[in-house]
Amino acid sequence: MDTLRPSLPTRPLWQKLAPWAAGLILVAGVVAVLVKIVPNTSGTNDKTATPNPVVVPSTAPKTVPLAKDARVVAGRFILTAVRREKLAEAWKLSGPLIRQDLTLEEWMTGNIPVVPFTAPISITPMKVDYSFKNHALVEVALIPVKSSKVKPETFWLELKKVGKGANAHWVVWTFVPRAAPPIPANPVG
């Protein structure tokens with residue numbers, strides 16, 4: 001009776017196992033994608049953690065009245081760097097952040113990273129936003145003389161005390177406009 005049945009060709013073992021292996025690889029790929037996409041709800045994996053966390057001091061620094069030396073530096077900076085006069089003195093009053101790696105020679109050209117205000121100034125009131133032992137922020141209003149057609153402008157002027165001991169001194173760290181200049185509603189052009 002076996003002779004009546006036709007014999008089927010036999011396949012090698014690897015051909016028999018290939019569909020099963022492909023199926024296992026597909027299942028493993030789907031599981032890997034799901035593990036990557038589906039969020040971990042166990043609470044053990046904090047996605048907000050950073051390699052360099054911010055260290056918050058346990059107590060706030062003690063505020064102090066603005067040092068007279070700091071007030072003088074702010075005023076002299078306005079009369080020199082902002083007005084583009086006596087730039088060598090302005091260089092000495094400027095900290096590294098505001099200098100932006102300019103050499104003294106480059107600074108002396110007057111092409112410096114300080115917003116200019118060259119109109120004649122009537123008064124320059126200052127409001128202390130905060131003042132600590134070695135750091136202060138003041139708002140400075142530059143108000144031109146009445147005959148000028150220039151509008152008053154307000155700036156934030158940040159001061160830091162640098163150096164140690166007898167070499168400690170105040171410098172202007174930043175000087176930025178308090179508000180962006182207005183943009184016309186219907187620009188021409």
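Here, residue 1 is the first one in the sequence, and each next residue gets the next number.
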Inset, instruction - For residues W170 and A67, report the shortest heavy-atom separation together with the two atoms involved. - result: NE1-CB, 3.9 Å
Inset, instruction - Answer yes or no: is there a donor N or O on one side and an acceptor on the other, between the side chain of E89 and the main chain of K86, under 3.5 Å? - result: no
Inset, instruction - Write down the atom of A168, the atom of K161, and the distance for their closest heavy-atom approach. - result: CB-CE, 3.9 Å
Inset, instruction - Determine whether I143 and I121 make a side-chain contact, defined as any pair of heavy atoms from C-beta on separated by less than 4.5 Å. - result: no
Legend entry - Under 3.5 Å donor-acceptor, H135 side chain and K133 backbone: no
Inset, instruction - Of all the heavy-atom pairs spanning S122 and P144, show the shortest one and how long it is. - result: CB-O, 3.6 Å
Inset, instruction - Nearest 0.5 Å please: distance from the CD atom of E153 over to the NZ atom of K151. - result: 10.0 Å
Legend entry - Residue pair P116 / V114, side-chain heavy-atom distance below 4.5 Å: no
Inset, instruction - Any chance you could lay out the side-chain contact (heavy atoms from CB on, under 4.5 Å) test for K160 and N134, step after step, and finish with the verdict? - result: CA-CA 6 Å; K160 288 193 178 185; N134 296 320; over 6 Å; no
Legend entry - Main-chain N/O of G110 paired with R84 side-chain donor or acceptor, under 3.5 Å: yes
Inset, instruction - Report yes or no: is the cationic atom of R99 (NZ for Lys, CZ for Arg) closer than 6.0 Å to the six-membered ring centre of W107, at no more than 45° off its axis? - result: no
Inset, instruction - Please answer: with hydrophobic residues joined when any side-chain heavy atoms are less than 4.5 Å apart, are L87 and L93 in the same cluster? - result: yes
Legend entry - W156 backbone acceptor or donor facing R178 side chain under 3.5 Å: no
Inset, instruction - Identify whether L142 and V128 are in the same connected component of the hydrophobic contact network (ILVMFWY, side-chain heavy atoms under 4.5 Å). - result: yes
Legend entry - Salt-bridge contact K127-D129 (side-chain N to carboxylate O under 4.0 Å): yes
Inset, instruction - Taking the side chain as every heavy atom from C-beta outward, state whether V140 and T124 have any atom pair closer than 4.5 Å. - result: yes
Inset, instruction - Take atom CD of Q15 as the centre, draw a 6.0 Å sphere, and report whether it contains more than 12 heavy atoms from other residues, nucleotides or ligands. - result: yes
Inset, instruction - Could you pull out the closest heavy-atom pair between I112 and A81, with the gap in Å? - result: CD1-O, 3.9 Å
Inset, instruction - Dump the intermediate steps for side-chain contact (heavy atoms from CB on, under 4.5 Å) on V115 and V82, then the final yes or no. - result: CA-CA 6 Å; V115 178; V82 176; over 6 Å; no
Inset, instruction - Report yes if some heavy atom in the side chain of L159 is under 4.5 Å from a heavy atom in the side chain of V73; otherwise report no. - result: yes
Legend entry - Single-linkage hydrophobic cluster, 4.5 Å side-chain cutoff, V176 and Y130 together: yes
Legend entry - ILVMFWY network linking F175 to W91, side-chain heavy atoms under 4.5 angstrom: yes
Legend entry - Side chain S94, main chain A90, donor-acceptor under 3.5 Å: yes
Inset, instruction - Determine, using the 4.5 Å side-chain heavy-atom cutoff (strictly less than), whether V64 and W173 are members of one ILVMFWY cluster. - result: no
Legend entry - Heavy-atom check, side chain of S131 versus side chain of V138, under 4.5 Å: no
Legend entry - Heavy-atom pair of closest approach, residues V172 and I98: O-CG2, 3.7 Å
Legend entry - Sidechain-backbone polar pair: T80 side chain, E85 backbone, donor-acceptor under 3.5 Å: no
Inset, instruction - Please name the pair of heavy atoms, one in L66 and one in R71, separated by the smallest distance, quoted to 0.1 Å. - result: CD2-NH2, 3.8 Å
